[in-house]
Amino acid sequence: MNTVPRALLLDFGSVISVSVFERHRETEQILGLPAGTLTWLGPLKPESDLLWQQMLRGEISERDYWQQRARETGERVGEHGWDMPRLLQRVRQTDPNAVVRPEIDALVHAARAAGIHIGILSNELELFYGTHFLERMDFLKDLDVIVDATHTGILKPDPRAYQFAIDALRLPPAEILFVDDQFRNVAGAFNVGLQTQFFDLRDVPGNIAAVAARLGLPHRGT
């Protein structure tokens, strides 16, 4: 597609926010675990994460994946029954603005200044983070669209999830650039006519630069 996008539609977890996978060493320190305890790396090293592979094959849901990882992490510190909100509260939910990638924040500010509409399409935004936490996150203020499956009940890559966002943005799909860190969600977006950009966590700066280029925006590497 050669059309310069008029809207940028972002996944939240791992695209806007720094992923749990990238924070393992920090998480271990916070929880008092020995360095190297958390070995599951999801998209950073999918061949080594059997549970992630099950999720990619559709044998379990993304929510199932995180439920199990949260439970395992809680058990490592002697606490049972952890879910994902509990894990995030213990290791991340102190400053809502600290979870946002600064480079993404800068990119979105530049896009808005250029007249590009900004939206979020997430499967678990409020479910994982909670209303009070999100209310204090500056990044979410003044966005054009937030579509959250916590409320719609329709998860990516179901075509209806993307359609909610397309309808809310009031633009043709071909004029919307969708960015996600999971191939199956990117494929789902492509199938409904959206422009797409896979966000590879193994090269975050390169991916942000690629999105900026797709939007016709200048980008300063870090």
Side-chain angles (χ1 to χ4, degrees), residues 10-34 36-94 96 98-101 120-135 137 140 146-158 160-162 164 179-189 198-202:
L10 301 166
D11 178 38
F12 187 84
S14 297
V15 176
I16 294 172
S17 69
V18 180
S19 74
V20 173
F21 305 108
E22 296 166 89
R23 292 180 178 263
H24 275 346
R25 305 293 81 86
E26 178 184 343
T27 296
E28 291 164 348
Q29 291 179 355
I30 292 171
L31 298 178
L33 297 170
T37 298
L38 302 177
T39 58
W40 39 276
L41 292 169
L44 291 174
K45 198 173 182 181
E47 68 275 10
S48 69
D49 191 333
L50 297 180
L51 192 65
W52 185 260
Q53 292 178 34
Q54 284 184 273
M55 188 271 293
L56 292 179
R57 291 194 297 267
E59 297 170 8
I60 62 172
S61 70
E62 186 177 6
R63 292 181 181 182
D64 292 333
Y65 176 88
W66 288 115
Q67 178 69 23
Q68 182 164 329
R69 292 308 187 201
R71 183 172 60 250
E72 293 171 351
T73 304
E75 289 171 352
R76 287 188 178 277
V77 297
E79 299 180 17
H80 300 285
W82 276 23
D83 55 12
M84 197 58 186
R86 179 60 174 162
L87 173 62
L88 293 176
Q89 288 166 4
R90 286 293 302 272
V91 303
R92 302 182 71 182
Q93 290 208 28
T94 53
V99 307
V100 176
R101 297 185 189 277
I120 288 176
L121 177 59
S122 172
N123 278 354
E124 297 98 3
L125 183 56
E126 189 174 320
L127 179 68
F128 281 1
Y129 287 91
T131 304
H132 179 63
F133 183 78
L134 296 174
E135 286 175 345
M137 184 178 291
L140 300 182
I146 298 177
V147 177
D148 182 6
T150 302
H151 299 288
T152 67
I154 307 298
L155 303 176
K156 299 171 292 185
D158 188 312
R160 293 173 295 172
Y162 307 100
F164 283 135
V179 183
D180 199 289
D181 66 305
Q182 291 193 38
F183 276 121
R184 64 178 183 174
N185 293 341
V186 170
F198 173 62
F199 196 86
D200 190 337
L201 291 182
R202 294 167 293 188

Q.
Please evaluate residues Gln29 and Arg25 with respect to the criterion side chain to side chain contact (heavy atoms under 4.5 Å, CB included), reporting the C-alpha separation (whole Å), side-chain torsions for both, the decisive distance (0.1 Å), and the verdict.
A. CA-CA 6 Å; Gln29 291 179 355; Arg25 305 293 81 86; 5.5 Å; no

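- Side chain of Glu22 to main chain of Ser19: a donor-acceptor pair is present (N/O by atom type, distance under 3.5 Å, no hydrogens or angles).
- Taking CZ of Phe164 as the start and CD1 of Ile146 as the end, the distance is 15.5 Å to the nearest 0.5 Å.
- Residues Glu135 and Leu140 form no side-chain contact, since every pair of their non-hydrogen atoms from C-beta on lies 4.5 Å or further apart.
- Residues that satisfy the ring-ring contact (aromatic ring centres under 6.0 Å, His included) test with Phe199, not counting sequence neighbours, are absent from this structure.
- Here the straight-line distance linking atom CZ of Arg101 with atom CD1 of Ile16 works out to 10.5 Å at 0.5 Å rounding.
- Residue Asp148 holds its CG atom at 5.0 Å from NE2 of His151, rounded to the nearest 0.5 Å.
- Residues Val18 and Val100 fail the side-chain proximity criterion, which asks for heavy atoms closer than 4.5 Å.
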Q.
Between Met137 and Val99, does the side chain to side chain contact (heavy atoms under 4.5 Å, CB included) criterion hold? Intermediate values first, please.
A. CA-CA 9 Å; Met137 184 178 291; Val99 307; 3.5 Å; yes

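- Judged by distance alone, the side chain of Tyr162 and the main-chain N or O of Leu121 form no donor-acceptor pair under 3.5 Å.
- Remark: Asp181 engages no residue in a salt bridge (charged side-chain N to carboxylate O under 4.0 Å, His left out) (not counting sequence neighbours).
- Enclosure of atom CZ in Phe183 is not indicated, since only 12 or fewer non-hydrogen atoms of other residues, nucleotides or ligands lie within 6.0 angstrom.
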Q) Taking it one step at a time, do Gln54 and Asp49 satisfy side chain to side chain contact (heavy atoms under 4.5 Å, CB included)? A) CA-CA 9 Å; Gln54 284 184 273; Asp49 191 333; over 6 Å; no

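- The side-chain heavy atoms of Tyr129 and Pro96, taken from C-beta on, include no pair separated by under 4.5 Å.
- Scored by the side-chain contact (heavy atoms from CB on, under 4.5 Å) test, Gln67 finds Arg71, Asp83 as partners (sequence neighbours excluded).
- Checked against the 6.0 Å centroid criterion, the rings of Phe12 and Phe128 do not qualify as a close aromatic pair.
- Not counting sequence neighbours, Ser48 has no partner by the side chain to side chain donor-acceptor pair (under 3.5 Å) test.
- For Asp64, there are no salt bridge (charged side-chain N to carboxylate O under 4.0 Å, His left out) partners, not counting sequence neighbours.
- Between the OG1 atom in Thr73 and the CH2 atom in Trp82 there is a gap of 7.0 Å [rounded to 0.5 Å].
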Which atom pairs, donor and acceptor, lie under 3.5 Å between side-chain atoms of residues 36-47 and protein residues at least two apart or in another chain?
residue, atom, partner, partner atom, Å
Thr37, OG1, Pro34, O, 2.5

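- Here the closest non-hydrogen pair linking Met84 and Ala70 is N-CB, 3.7 Å.
- Residues Ser122 and Val147 form no side-chain contact, since every pair of their non-hydrogen atoms from C-beta on lies 4.5 Å or further apart.
- When the side chain to side chain donor-acceptor pair (under 3.5 Å) test is applied to Trp52, no partner is found at least two apart in sequence or on another chain.
- Using the six-membered ring where Trp is involved, Phe21 and His24 have ring planes that are perpendicular, over 60° apart on the 30 and 60° scheme.
- In this structure Glu26 satisfies the side-chain contact (heavy atoms from CB on, under 4.5 Å) test together with Arg23, Ile30, sequence neighbours excluded.
- In this structure, Asp180 CG and Leu10 CG are separated by 9.5 Å, a value rounded to the nearest 0.5 Å.
- Take Asp200 and apply the salt bridge (charged side-chain N to carboxylate O under 4.0 Å, His left out) test, not counting sequence neighbours, and it matches Arg202.
- Put simply, CD on Glu28 and CZ on Arg76 are 9.0 Å apart, with the number rounded to the nearest 0.5 Å.
- Considering only residues two or more places apart in sequence or on other chains, Arg63 meets the side chain to side chain donor-acceptor pair (under 3.5 Å) condition with none of them.
- With sequence neighbours excluded, the residues that form a salt bridge (charged side-chain N to carboxylate O under 4.0 Å, His left out) with Glu59 are Arg57.
- Every residue meeting the side chain to side chain donor-acceptor pair (under 3.5 Å) condition with Gln182, not counting sequence neighbours, appears here in chain and number order: Glu62, Arg184.
- For the 3.5 Å distance criterion, the side chains of Glu124 and Thr150 fail to qualify, holding no donor opposite an acceptor.
- Put simply, the side chain of Asp11 never gets that close to the backbone of Val179: no donor and acceptor are under 3.5 Å apart.
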